[in-house]
Each structure stands twice: as C-alpha cells, then as structure tokens.
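Keep in mind the model is a prediction, meaning the values are calculated, not measured.
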Amino acid sequence: MSDRKNVYLFYKKTDELEEKVQKARELGRKYDFNLVEDPKDANIIASFGGDGTFLQALQKTRFREDALYIGVNDGDFGFYTDFTTSDLTRLELAMQSDMDMVEVLRYPTLEVTIDGLKSFHCINEVTIRSNIIKTFVVDVYLDNLHFETFRGDGLLVSTPTGSTAYNKSLGGAVVDPKLPAMQLTEMASVNNNQYRTLGSPLVLSKGRELTLKVVQDGNDHPIIGIDNEAMGIRHSRHINVKVSDRVVKTLKMKDNLFANKLKRSFLE
Ligand code: NAP
Ligand code: MN
C-alpha cells in the first residue's frame, strides 16, 4: 500500500471507539497516510468494530474493487477483522507494508439480481423468507432447470466467508474462502408426500446460476436480506444469484490462518 495512502475510516462514532480510532489515526500520520472524507477518494477503507461493521462498510461503500478493505476489531478478532484496537503493533506492521507479515486476500462475493432489475453484492449471504406466519413457496431453478419447489420458512445462499455465519446455524458446511463457490441452505423446509426438497446444503461452483421464484399464492411478500441489511422491496418475484467476478480485497496477518479463525471461534 506504499503509494496508495488515502484512507477512509468507517465506524460508529461512540466516545469509546473514537478514543481507540484516534490512536490508529496518530499511527497513520506517522506513516504518511492521508484521511479522506469521501470513500470515493479512498484507496484504503478501514472499518472499526466487529464483522457486522465490516459488512456495513462494504455495503455503504458499494464493494469497491479498487480499494483495499481492512477490518479492525474493537474487541476480539472476527472473521473479517484481522486487526484489533487493543494491539496496534499488528496495525503498524500493516502500515509498514511488511509483506512478510501481511497478505492481501481476495474474497468471493455473490451478485444478486432482483426481478432482473436491481443488482447487489454480498459478502456473507442473501436470504429470502416469509414475512408472515404461513409457509411460503419458492421454485428453485439451477442453471435454468426447475430443480425443486421449496415450501417452508425461507432459503439462504451464502458465500464461502459467509459460511461461518447464518449458513452455519442452518447446518450448512463451512467452506474454504479460497473456493469461488456459493451454498444454498434451507430454513425449515416442509418435506412430506406432497413437498420434496433436496434437504441438504448444496455447494455450487462459480459459473452456475440459482433462480429463486416466489410462487404467487397470496403469501408472496418475502423479506430479502443482503448481508446485514433488509431490502425494502415489497413485491419481488424472483432473484438470481451467482458467484460474482468482483472480489473484495482485504488485508490479513499471515500468522492468522483460516484454521486459526475457525478454531478460535468454534472450538476453544
Ligand atoms: P448480528 O446479529 O449483530 O451478529 C451476528 C453474529 O455473526 C455476530 O457475532 C457477528 O460478528 C457474526 N458474523 C458476521 N459475519 C460473520 C461471518 N462471516 N462469519 C462468522 N461470524 C460472522 O448482525 P451483524 O453483526 O450485523 O452480522 C450480520 C450477519 O449476521 C448476517 O450476515 C448473518 O450471517 C448473521 N445472522 C445470523 C443469524 C443466525 O445465525 N441465526 C441470523 C441472522 C443473521 P460481530 O459480533 O463481530 O459483528
Ligand atoms: Mn455484530
């Protein structure tokens, strides 16, 4: 990051966090970084907070492919936050661009198109679910072939990095972020003699396309969630999901392997 030193800071402006961010600002000044007010002028976008803040930083800055994202946690490490305000030496190594210590990762994203019109990116998942008590019905197409008719609470399609989030709670597999893939998981599907779904998580490679068509049966006002935001679209009929060509570049410490993150979060 030697000659690209314009930094945009994304965080919730609380007194407690402000103090911690101030320390990082002072460090940045020492290494000749410039702060910018508009994320459009930034080459580096740093979020301070948890994984949720990192997700917000991406959505609010619209998944800039030409910027490097850095997640700084204000507590423990997270899946996207490889640095922490409680140990600024790690951040200092990153500012020195010590490539023996840090590495740029490229995380796959999903491209979600709603009703063929609006496109969004997500780095965790897209969900579609009923907003009323009744079950709702979705026709699932895989590469334009009618695959199954789902009836239940909803469906989720996750990225590899999102596989450790909501997807995991639904019994989905944890996927290595180096695999450009997407995973479809079910939320409480009805399976009986009338309705039949695959019933297990389905991992698909880049190049495939999922289409989820909401069956118009009266319960057809689903809530669509993209990462941690609900889309304010009321009458969506179908969504298309595929692994996008766009990746998110993020900085990580070389010592913090995927295996470390998994172990730290789920096994210790
Ligand atoms: P939240 O409800 O405050 O947090 C959900 C938890 O998931 C937090 O502990 C968050 O970490 C963690 N998380 C986020 N992305 C992750 C990832 N890729 N791998 C492992 N853990 C992850 O909401 P939020 O912080 O805004 O995060 C939004 C995410 O929450 C959604 O994208 C969805 O994946 C997840 N979610 C999960 C469920 C569920 O498991 N039943 C339900 C709804 C949403 P931080 O504390 O560091 O932010
Ligand atoms: Mn959170």
Engineer: Aromatic rings F54 and Y69: how do their planes relate, parallel, tilted or perpendicular, breaks at 30° and 60°?
Structural biologist: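 Correct class here is perpendicular.
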Engineer: Could you walk me through whether Q183 and E125 satisfy the side-chain hydrogen bond (donor to acceptor under 3.5 Å, both in side chains) test, starting with their C-alpha distance in whole Å, then the side-chain angles of each, then the deciding distance to 0.1 Å, before giving a yes or no?
Structural biologist: CA-CA 9 Å; Q183 180 171 192; E125 75 281 295; over 6 Å; no
Engineer: So I224 and S236, do their side chains get closer than 4.5 Å, heavy atoms only?
Structural biologist: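 S236 reaches I224 side chain to side chain.
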Engineer: Atom OG1 in T84, atom CG in D74: separation rounded to 0.5 Å?
Structural biologist: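 Taking OG1 in T84 and CG in D74, the distance rounds to 7.5 Å.
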Engineer: Are any non-hydrogen side-chain atoms of V214 and F136 less than 4.5 angstrom apart?
Structural biologist: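 Result yes, sub-4.5 Å side-chain heavy-atom pair found.
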Engineer: Using only atom types and a distance under 3.5 Å, with no angle test, would you say the side chain of T81 pairs donor to acceptor with the backbone of G78?
Structural biologist: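 Indeed, once roles are kept as given, a pair shorter than 3.5 Å links the two residues.
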Engineer: Decide yes or no on side-chain hydrogen bond (donor to acceptor under 3.5 Å, both in side chains) for S47 and T53, but give the supporting numbers first.
Structural biologist: CA-CA 6 Å; S47 78; T53 313; over 6 Å; no
Engineer: Kindly indicate whether the side chain of V190, heavy atoms from C-beta on, has any atom under 4.5 Å from the side chain of F150.
Structural biologist: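 Contact flag for V190/F150 side chains = no.
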Engineer: Is the backbone of Y31 close enough, under 3.5 Å, to the side chain of K5 for a donor and an acceptor to pair up by distance?
Structural biologist: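 Yes.
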Engineer: Search all heavy atoms of P201 against all heavy atoms of G171 and return the closest pair with its distance.
Structural biologist: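 So the two residues come closest at CG-O, 3.5 Å.
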Engineer: So do the side chains of T250 and Y80 get within less than 4.5 Å of each other, counting heavy atoms only?
Structural biologist: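 Result no, sub-4.5 Å side-chain heavy-atom pair not found.
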Engineer: Apply side-chain hydrogen bond (donor to acceptor under 3.5 Å, both in side chains) to R264 and N256, showing your working.
Structural biologist: CA-CA 10 Å; R264 192 179 60 204; N256 192 18; 3.3 Å; yes
Engineer: Side chains of M187 and L170, heavy atoms from C-beta outward: is any pair under 4.5 Å?
Structural biologist: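 SC-SC contact between M187 and L170 confirmed.
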Engineer: Before giving the answer on side-chain hydrogen bond (donor to acceptor under 3.5 Å, both in side chains), spell out for N6 and N34 the whole-Å C-alpha distance, their side-chain angles and the decisive distance to 0.1 Å.
Structural biologist: CA-CA 5 Å; N6 290 339; N34 317 306; 2.9 Å; yes
Engineer: Got a second to check how far L212's CG is from L156's CG, nearest 0.5 Å?
Structural biologist: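 It comes to 10.5 Å.
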Engineer: Can you see whether N191 engages T197 through a side-chain donor-acceptor pair at a distance of less than 3.5 angstrom?
Structural biologist: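 Per modelled atom types, N191 and T197 side chains form a pair under 3.5 Å.
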Engineer: Check for a donor-acceptor pair, side chain of R246 on one end and backbone N or O of F63 on the other, with a separation under 3.5 Å.
Structural biologist: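 It does hold such a pair.
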Engineer: Any Lys/Arg nitrogen of D143 or R208 sitting under 4.0 Å from an Asp/Glu carboxylate oxygen of the other?
Structural biologist: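 Counted as a salt bridge, because a side-chain N and a carboxylate O are separated by less than 4.0 Å.
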Engineer: Taking NZ, NE, NH1 and NH2 as the nitrogens, is one of them in D66 or R64 under 4.0 Å from a carboxylate oxygen of the other?
Structural biologist: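 Salt bridge flag = yes for R64 with D66.
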Engineer: Is there a side-chain contact between P177 and F258, using heavy atoms and a 4.5 Å cut-off?
Structural biologist: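 Contact flag for P177/F258 side chains = yes.
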Engineer: Taking all heavy atoms of F83 and all of I70, pick out the closest pair and write down the distance.
Structural biologist: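 Of all heavy-atom pairs spanning F83 and I70, the closest is CD1-CG2, 3.7 Å.
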Engineer: I'd like to know if the side chain of S130 reaches the main chain of D153, judged simply by a donor and an acceptor atom lying under 3.5 Å from each other, with no hydrogens or angles considered.
Structural biologist: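 Looks like no, no N/O pair under 3.5 Å.
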Engineer: Side-chain contact test, heavy atoms from C-beta onward, threshold under 4.5 Å: evaluate it for F77 versus R90 and give yes or no.
Structural biologist: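 F77 reaches R90 side chain to side chain.
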Engineer: State, to 0.1 Å, how close D51 and F79 come at their nearest heavy-atom pair, and which atoms those are.
Structural biologist: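 For D51 and F79, the tightest heavy-atom pair comes out as OD2-N, 2.9 Å.
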Engineer: Hey, could you give me the NZ/OG distance between K206 and S244, rounded to the nearest 0.5 Å?
Structural biologist: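 That separation rounds to 7.0 Å.
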Engineer: Would you please say whether a donor-acceptor pair under 3.5 Å links the side chains of S119 and T113?
Structural biologist: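 Yes - a donor-acceptor pair under 3.5 Å links their side chains.
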Engineer: Between K60 (side chain only) and P39 (backbone N and O only), is there a donor and an acceptor less than 3.5 Å apart?
Structural biologist: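 Here the side-chain-to-backbone pair does not exist.
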Engineer: How many angstroms lie between atom CE of M253 and atom CG of N260, to the nearest 0.5 angstrom?
Structural biologist: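 One gets 11.5 Å once the value is rounded to the nearest 0.5 Å.
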Engineer: Mark yes or no for whether D38, through its side chain, and D41, through its backbone, hold a donor-acceptor pair below 3.5 Å.
Structural biologist: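 Between the backbone of D41 and the side chain of D38 there is no qualifying donor-acceptor contact (under 3.5 Å).
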Engineer: Can you tell me how far the CD atom of E111 sits from the SG atom of C122, to the nearest 0.5 Å?
Structural biologist: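 Answer rounded to 0.5 Å: 10.0 Å.
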Engineer: Does either side chain, that of E209 or that of N240, offer a donor lying less than 3.5 Å from an acceptor on the other one?
Structural biologist: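 Their side chains do contain a donor-acceptor pair, which is all the 3.5 Å distance test asks for.
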Engineer: Would you mind checking if E18 and K23 are paired as a salt bridge, meaning a charged N to carboxylate O distance below 4.0 Å?
Structural biologist: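 Looking at E18 together with K23, the answer is no, because their closest N to O distance does not fall below 4.0 Å.
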Engineer: Measure the spacing between CZ of R151 and CZ of R196 and express it to the nearest 0.5 Å.
Structural biologist: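 Atom-to-atom, R151:CZ and R196:CZ are 14.0 Å apart.
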Engineer: Using a strict cut-off of less than 4.0 Å between a Lys/Arg side-chain nitrogen and an Asp/Glu carboxylate oxygen, indicate whether K30 and E26 qualify as a salt bridge.
Structural biologist: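 So K30 does not pair with E26 through a salt bridge.
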Engineer: Should D227 and I123 count as side-chain neighbours, where that means a heavy-atom distance under 4.5 Å?
Structural biologist: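 In contact.
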Engineer: If you count the non-hydrogen atoms of other residues, nucleotides and ligands that lie under 6.0 Å from NZ in K134, is the total more than 12?
Structural biologist: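 It does not: K134 NZ has 12 such atoms or fewer within range.
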